4 protein chains.
Amino acid sequence: MTESVFWSIGQTCQSKGVLPIIDRRKQIIDAAAKSFSMFGYKATTMDGVAKIANVGKGTIYTFFTNKEELFQEIMNRMISEMKRIAEEAIDPGRLFFDNLSVVLEHLLDFQEEHELALKLSQEMREIGTPMALEGLQQMERAVVGYIAGQVTQAIKKGEIKPCEPEMTAFIMLKMYMALAVEWKKTHQPLEKRQVAGYLRFYMEQGLAPV
Amino acid sequence: MTESVFWSIGQTCQSKGVLPIIDRRKQIIDAAAKSFSMFGYKATTMDGVAKIANVGKGTIYTFFTNKEELFQEIMNRMISEMKRIAEEAIDPGRLFFDNLSVVLEHLLDFQEEHELALKLSQEMREIGTPMALEGLQQMERAVVGYIAGQVTQAIKKGEIKPCEPEMTAFIMLKMYMALAVEWKKTHQPLEKRQVAGYLRFYMEQGLAPV
Amino acid sequence: MTESVFWSIGQTCQSKGVLPIIDRRKQIIDAAAKSFSMFGYKATTMDGVAKIANVGKGTIYTFFTNKEELFQEIMNRMISEMKRIAEEAIDPGRLFFDNLSVVLEHLLDFQEEHELALKLSQEMREIGTPMALEGLQQMERAVVGYIAGQVTQAIKKGEIKPCEPEMTAFIMLKMYMALAVEWKKTHQPLEKRQVAGYLRFYMEQGLAPV
Amino acid sequence: MTESVFWSIGQTCQSKGVLPIIDRRKQIIDAAAKSFSMFGYKATTMDGVAKIANVGKGTIYTFFTNKEELFQEIMNRMISEMKRIAEEAIDPGRLFFDNLSVVLEHLLDFQEEHELALKLSQEMREIGTPMALEGLQQMERAVVGYIAGQVTQAIKKGEIKPCEPEMTAFIMLKMYMALAVEWKKTHQPLEKRQVAGYLRFYMEQGLAPV
DNA sequence: GATGAATGAGACTTCATTCAT
DNA sequence: GATGAATGAAGTCTCATTCAT
């Protein structure tokens with residue numbers, strides 16, 4: 001006990017990070033993200049989240065009004081983070097497909113969380129209110145819109161052939177999801193490099209023989 | 001009890017003539033397909049299915065042990081039909097991408113039912129048992145496997161450049177879903193021709209400038 | 001099975017009345033009336049009602065949408081019955097106070113149920129929606145309005161001295177409640193005759209010395 | 001323990017000067033009285049009381065073991081105050097009905113608090129334990145007993161005709177409640193004078209025509 | 001002593017499944 | 001065999017009470 005005082009001076013900050021001051025809000029958000037990701041919206045129970053978060057059931061309700069609000073929080077976090085990652089990874093000096101590869105590599109570092117976002121965005125039926133539905137779709141829109149902007153610039157620079165930017169961005173996102181998330185449901189997971197490689201293979205050159 | 005048999009003969013026939021004693025099993029399957037398609041697995045209630053099918057709730061349980069088995073039946077039917085449609089549409093004399101377009105056009109004629117299949121295949125989280133999950137995935141495997149076979153042949157004939165048939169088939173299916181089903185969640189739906197056209201645009205030629 | 005047919009002809013109706021065909025709706029209404037009466041609205045639980053009624057919890061919801069609707073049913077029944085009793089008991093040929101006594105005697109035969117109504121009418125705070133509140137007050141209004149009509153006629157006939165009929169009716173109802181229901185909470189219950197007698201004593205002659 | 005007395009003298013005064021160290025107990029009691037009065041027993045939450053009292057929720061539990069005990073305190077205070085008011089208002093030299101009017105006028109000055117008492121005394125069902133029930137009834141007993149004493153003396157003096165004092169007092173209290181509290185639930189509220197006037201009208205002379 | 005974040009028992013309600021008719 | 005009334009497990013949310021700070 002006493003000796004801990006000696007080195008604790010420098011460690012105070014760190015020790016806070018270690019454990020003693022448990023951040024229940026974070027615990028809950030992490031647990032909810034995990035549960036929503038694994039079981040979806042309906043099949044996720046507040047009891048379950050509480051158990052995973054290792055908190056009392058009522059504790060969740062001190063931070064979030066109800067299940068839907070908790071869900072919204074998870075979604076919003078995801079959108080923000082995805083935007084941030086994408087923005088940080090883009091380098092205007094690089095070629096389009098190179099930028100795309102870099103962004104994807106970065107995104108894949110957070111693959112698990114994204115998997116949640118992607119899965120959830122497909123479960124819109126489960127959430128009753130149009131507002132919630134709207135909230136979910138906005139995530140996809142945000143990402144697609146961002147990629148579409150990059151596509152437009154790439155067309156202008158002549159890096160890719162003329163095409164509808166919005167749909168091209170949509171197709172890219174879906175293909176990315178397919179390779180990074182859905183493929184491994186039934187096959188061996190792909191390395192980050194492989195995902196980027198395949199995406200480029202299919203989208204850049206096409207299947208027509210040379 | 002006994003006397004009722006005497007006059008019931010005439011009534012039975014008559015009632016059969018009037019109300020062809022519609023095949024209750026089919027009624028239930030159709031109703032379930034519609035409900036699962038519209039609301040998803042969890043949000044579909046046995047009460048609702050019974051009401052749509054115009055049968056008693058208990059009747060469902062004379063044909064299917066439980067909700068999950070009913071769901072499985074729907075999935076199996078869908079796989080079979082998709083295979084049949086694909087086989088009927090293929091003409092070995094045609095070019096690969098032409099065959100692909102034809103198959104897709106046919107599949108799109110049943111778009112609504114497929115939408116169900118596609119949606120449901122993404123709702124696997126909702127179903128607890130690994131068995132059910134397995135059952136769902138087998139549908140995708142069946143379709144992907146079929147397309148992969150076509151891809152292999154197309155490579156041999158030199159119609160498309162060498163590539164991994166399995167993954168190429170997987171990518172094709174996902175892109176098809178994206179264009180035919182998911183796109184319209186947030187945008188104007190595409191005509192059958194448009195879906196085929198875009199699929200070819202992105203997969204055949206790629207985005208690299210000429 | 002077969003022999004039952006012989007005697008069942010005459011007994012069918014009766015046997016239904018005896019027991020075998022348990023009327024669950026009535027069971028539930030009776031149980032709810034008892035529970036609401038004893039514990040009030042909030043403190044009455046659906047679990048409790050189910051237990052008293054000896055039915056499953058879910059059964060209640062096959063007859064009533066929710067707790068509030070169940071409550072409304074009880075209230076409506078009470079209003080109807082009170083009106084019916086009052087109307088049956090009035091004889092235009094009798095003197096006012098004699099009619100009052102008769103009506104009260106009849107009402108007292110259903111004392112227990114009325115106790116419920118009276119108690120509940122005082123628990124309006126517990127029920128959230130203004131509609132429910134309105135529904136409760138309408139019961140008192142109905143009874144007071146009815147008595148007020150009788151009072152007006154009695155004044156015209158010169159049987160009682162001029163007074164405001166509405167308030168007089170209100171006072172009479174409250175005094176009746178006080179004697180028949182509330183008195184016994186803290187004292188020996190009164191006989192029907194006694195209630196009628198005291199009501200007449202206080203309301204007819206007053207306390208001024210002769 | 002002892003030393004705290006020494007310095008506490010100076011501190012107490014000082015701290016009282018700064019933030020009069022408002023008497024937290026009183027704050028809580030006032031808040032609880034208000035909430036119980038407005039919402040009833042069940043619908044009053046400890047959170048709500050704490051908020052109204054402007055203290056921490058836990059602070060309530062340093063003064064009262066639980067919700068029921070807090071409730072009891074409110075009731076006891078009310079009984080005492082009602083007794084005090086009644087005793088102060090009685091003048092042995094006045095006639096009975098005049099005394100009654102004066103007492104009522106005084107009581108009506110505290111109408112709001114009394115309303116609480118009266119309402120609560122009717123919500124006994126809400127409180128589970130027989131002890132609490134007992135505690136509530138004692139309030140009514142106290143008031144009725146007090147009036148009964150006055151009635152007895154009035155009979156002796158020949159101011160009112162012979163009658164059972166206990167029941168007469170009971171009827172008077174109920175009629176007072178009816179006029180002062182319950183009438184305004186469904187009608188225009190009465191002035192203090194009117195309440196006294198009507199009470200005298202009905203109880204003194206009765207409805208028999210002259 | 002004061003505080004309020006944390007807790008979990010318990011309330012209402014839904015719905016898959018059973019079983020008597 | 002067909003039916004749907006009946007059931008109770010399970011889900012969401014509230015709130016009295018505790019306890020570490």
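Proteins get letters first, then strands, A, B, ... in listed order; numbering begins at 1 in each. No experiment lies behind these values; they were computed from the predicted model shown.
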ask   = Between F:dT18 atom C1' and D:Phe64 atom CZ, what is the distance in whole Å?
value = 18 Å
inquiry  = Please report the distance, rounded to the nearest Å, between CG in A:Leu70 and P in F:dG11.
reply    = 16 Å
request  = Mind checking which stems touch DNA chain E? I mean at least 3 consecutive Watson-Crick or G-U pairs, both distances under 3.5 Å.
outcome  = E:2-21 with F:2-21
query = How are the rings of B:Phe71 and B:Phe36 set to each other: parallel, tilted or perpendicular (split at 30° and 60°)?
reply = perpendicular
task = Let me know the distance between CD of C:Gln27 and P of F:dA5, rounded to the nearest Å.
result = 15 Å
ask   = Counting only side-chain N and O atoms of A:Thr59, is one of them less than 4.0 Å from OP1 or OP2 of E:dT7?
value = yes
task = Search all heavy atoms of A:Asn66 against all heavy atoms of A:Glu69 and return the closest pair with its distance.
result = OD1-N, 2.9 Å
note = A:Ile28 atom CD1 is separated from F:dC13 atom P, nearest whole Å, by 14 Å
C:Ala33 versus C:Ile74, closest heavy-atom pair with distance = N-CD1, 3.8 Å
ask   = Starting at the 5' end of DNA chain E and moving along, which residue's nearest nucleotide shows up first, D:Val55 or A:Arg25?
value = D:Val55
request  = Please examine the side chains of B:Arg25 and B:Ile29, heavy atoms only from C-beta on, and report whether any two atoms are closer than 4.5 Å.
outcome  = yes
request  = Report the residue (D:Gly56 or A:Asn54) whose heavy-atom-nearest nucleotide on DNA chain E is the more 5′ of the two.
outcome  = D:Gly56
Show which side-chain atoms of residues 48-57 of chain A pair as donor or acceptor with protein atoms under 3.5 Å away, not counting sequence neighbours.
none

For nucleotides 15-17 of chain F, print each protein N/O atom paired with a nucleotide N/O atom at under 3.5 Å, atom names and distance only.
from, atom 1, to, atom 2, distance (Å)
F:dA16, OP1, D:Thr44, O, 3.3
F:dA16, OP1, D:Lys67, NZ, 3.2
F:dA16, OP2, D:Met46, N, 2.8
F:dT17, OP2, D:Tyr61, OH, 3.3
F:dT17, OP2, D:Lys67, N, 3.0
F:dT17, O4, D:Lys57, NZ, 3.0

ask   = Which whole-number value in Å describes the distance from D:Ile60 CD1 to F:dT18 C1'?
value = 14 Å
message = Is B:Arg24 close enough to F:dG1 that one of its side-chain N or O atoms is under 4.0 Å from OP1 or OP2 there?
response = no
query = Hey, does B:Lys42 have a side-chain heavy atom less than 4.5 Å from the side chain of A:Tyr41?
reply = no
request  = Rounded off to whole Å, could you give me the NZ-to-P distance for the C:Lys51 and F:dT7 pair?
outcome  = 13 Å
query = Below 4.0 angstrom from OP1 or OP2 of F:dA2, is there any side-chain N or O of B:Thr62?
reply = yes
key: Closest heavy-atom pair and its distance - B:Thr44, B:Lys67   = O-NZ, 2.9 Å
remark   = When rounded to the nearest 0.5 Å, the distance separating OG1 of D:Thr62 from CD1 of D:Ile28 is 6.0 Å
ask   = Any side-chain heavy atom of B:Gln72 within less than 4.5 Å of one from B:Phe64?
value = no
